[in-house]
Amino acid sequence: MNTKIKDRDKHLTIRDLIITGVFAALLMIANGLGGTAFAINPALTFFYPIGGAVFGGPVFLLLLAKVHKRGALVITGVVFCILGLVTGMHWGMDFGVLIALVIADFIAASGKYGDMKRNILAYMIYCIGPAGTYFVFYIDPQGWAKTMLKNGTTQDYIDTMSKAASASTLVIMVLGTFAVAALSGFIGSRLMKKQFEKSGVTA
């Protein structure tokens, strides 16, 4: 009997799915709040992942505290991927986020979703996901441009973006994203300890 209860506790419930959906939306909002200002500027668009990492740390960690079960992050990735494809985002970003969250789920699960250092690392991995579109750009700029022109991006935007692309830009994007994500995750862990847990939000 106890074994059956434990097995049942490992599976996502309807309540878990609802909470996951809400937090997926909150993560998208947090990502947009920090990253949109960079995305709309072709000269700064490569720094979108850095901006997107600013506000999501507390939201991500709270999701893991509320739904500490395998699959929640993967479902979040699927939601991101579907919405991204529907709204015309480059497939590299959509699948980049999905792959990142699959990896993040394994990392967080290895600490049973209670190891804060692993949870912050999982957030860092998640934050590099959107950079997938830029990795594709560096690998195949012409193919990337062709796809985005079909999705409605202007040639002027792509030309300015191409001029801003460099090896140093790529390094700054990757290292900057990890650094900002780590800081946002750390702040989130402090907030959870000082406020969320005291008020019983994570219960």
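When reading the values below, keep in mind they use all heavy atoms of this one structure, side chains included, and skip hydrogens, waters and symmetry mates.
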Any Arg15 side-chain heavy atom under 4.5 Å of Ile19 side chain: yes
Transitive ILVMFWY side-chain link Phe186 to Tyr113, under 4.5 Å: no
Atom pair CE/CG of Met93 and Leu85 - distance to nearest 0.5 Å: 11.5 Å
Gap between atom OG1 of Thr36 and atom CD1 of Ile29 - 0.5 Å precision: 11.0 Å
Leu61 CG to Lys66 NZ distance, which is reported to the nearest 0.5 Å: 14.5 Å
Any side-chain heavy-atom pair of Asn31 and Tyr126 under 4.5 Å: yes
Steps toward ring-ring contact (aromatic ring centres under 6.0 Å, His included) verdict (Phe137, Phe46): CA-CA 10 Å; Phe137 173 86; Phe46 292 103; 5.6 Å; yes
Leu175-Leu183 co-clustered via ILVMFWY side chain contacts under 4.5 Å: no
Contact summary for Ala43 and Thr160, nearest pair of heavy atoms: N-CG2, 4.1 Å
ring-ring contact (aromatic ring centres under 6.0 Å, His included) involving Tyr48 - partner list, sequence neighbours excluded: none
Side chain to side chain contact (heavy atoms under 4.5 Å, CB included) between Leu170 and Phe135, worked out: CA-CA 8 Å; Leu170 181 61; Phe135 294 147; 3.8 Å; yes
Close side-chain approach of His90 and Tyr134, heavy atoms under 4.5 Å: no
Side-chain (Ser184) to main-chain (Val54) donor-acceptor, under 3.5 angstrom: yes
Heavy-atom side-chain contact between Leu12 and Ile75 under 4.5 Å: yes
Nearest-0.5 Å distance, CD1 of residue Ile187 to CD1 of residue Ile120: 10.0 Å
Check ion pair Asp105-Arg70 (N to O, under 4.0 angstrom): no
Side-chain (Thr45) to main-chain (Pro42) donor-acceptor, under 3.5 angstrom: no
Pairwise distance CZ(Phe106) to CD1(Ile125) - rounded to 0.5 angstrom: 13.5 Å
Minimum heavy-atom distance between Leu64 and Ala108, given as atom pair plus value: CD1-CB, 4.1 Å
Minimum-distance pair of heavy atoms, taken over all atoms of Ile172 and Ile50: O-CD1, 3.6 Å
For the student: nearest non-hydrogen atoms of Gly84 and Asp94, plus distance: CA-OD1, 3.2 Å
Flag, side chain of Thr169 to backbone of Ala164, donor-acceptor distance under 3.5 Å: yes
Note, Leu98 side chain near Phe80 side chain (heavy atom, < 4.5 Å): no
Side-chain donor/acceptor of Tyr123 to backbone N/O of Gly57, under 3.5 Å: yes
Val86 reachable from Leu27 in the ILVMFWY side-chain graph, under 4.5 Å edges: yes
Closest non-hydrogen atom pair, Ala65 against Met192: CB-CE, 3.4 Å
Phe178 CZ: over 12 foreign heavy atoms closer than 6.0 Å: yes
Gln155 CD: over 12 foreign heavy atoms closer than 6.0 Å: yes
Under 3.5 Å donor-acceptor, Lys69 side chain and His11 backbone: yes
Side chain to side chain contact (heavy atoms under 4.5 Å, CB included) partner of Phe60, the single match among Thr76, Leu101, Leu26: Leu101
Heavy-atom side-chain proximity of Pro58 to Leu62 below 4.5 angstrom: no
Ser110 side-chain N/O to Ile107 backbone N/O, donor-acceptor pair under 3.5 Å: yes
Donor-acceptor side-chain pairing of Thr13 and Asp16 below 3.5 angstrom: yes
Any donor-acceptor pair under 3.5 Å from Thr153 side chain to Leu149 backbone: no
Rounded distance [0.5 Å steps], CE in Met148 versus CH2 in Trp91: 12.0 Å
Transitive ILVMFWY side-chain link Tyr157 to Ile40, under 4.5 Å: no
Heavy-atom closest contact (Asn151 atom, Met89 atom, distance): ND2-O, 4.0 Å
4.5 Å side-chain heavy-atom contact, Trp144 and Ile139: no
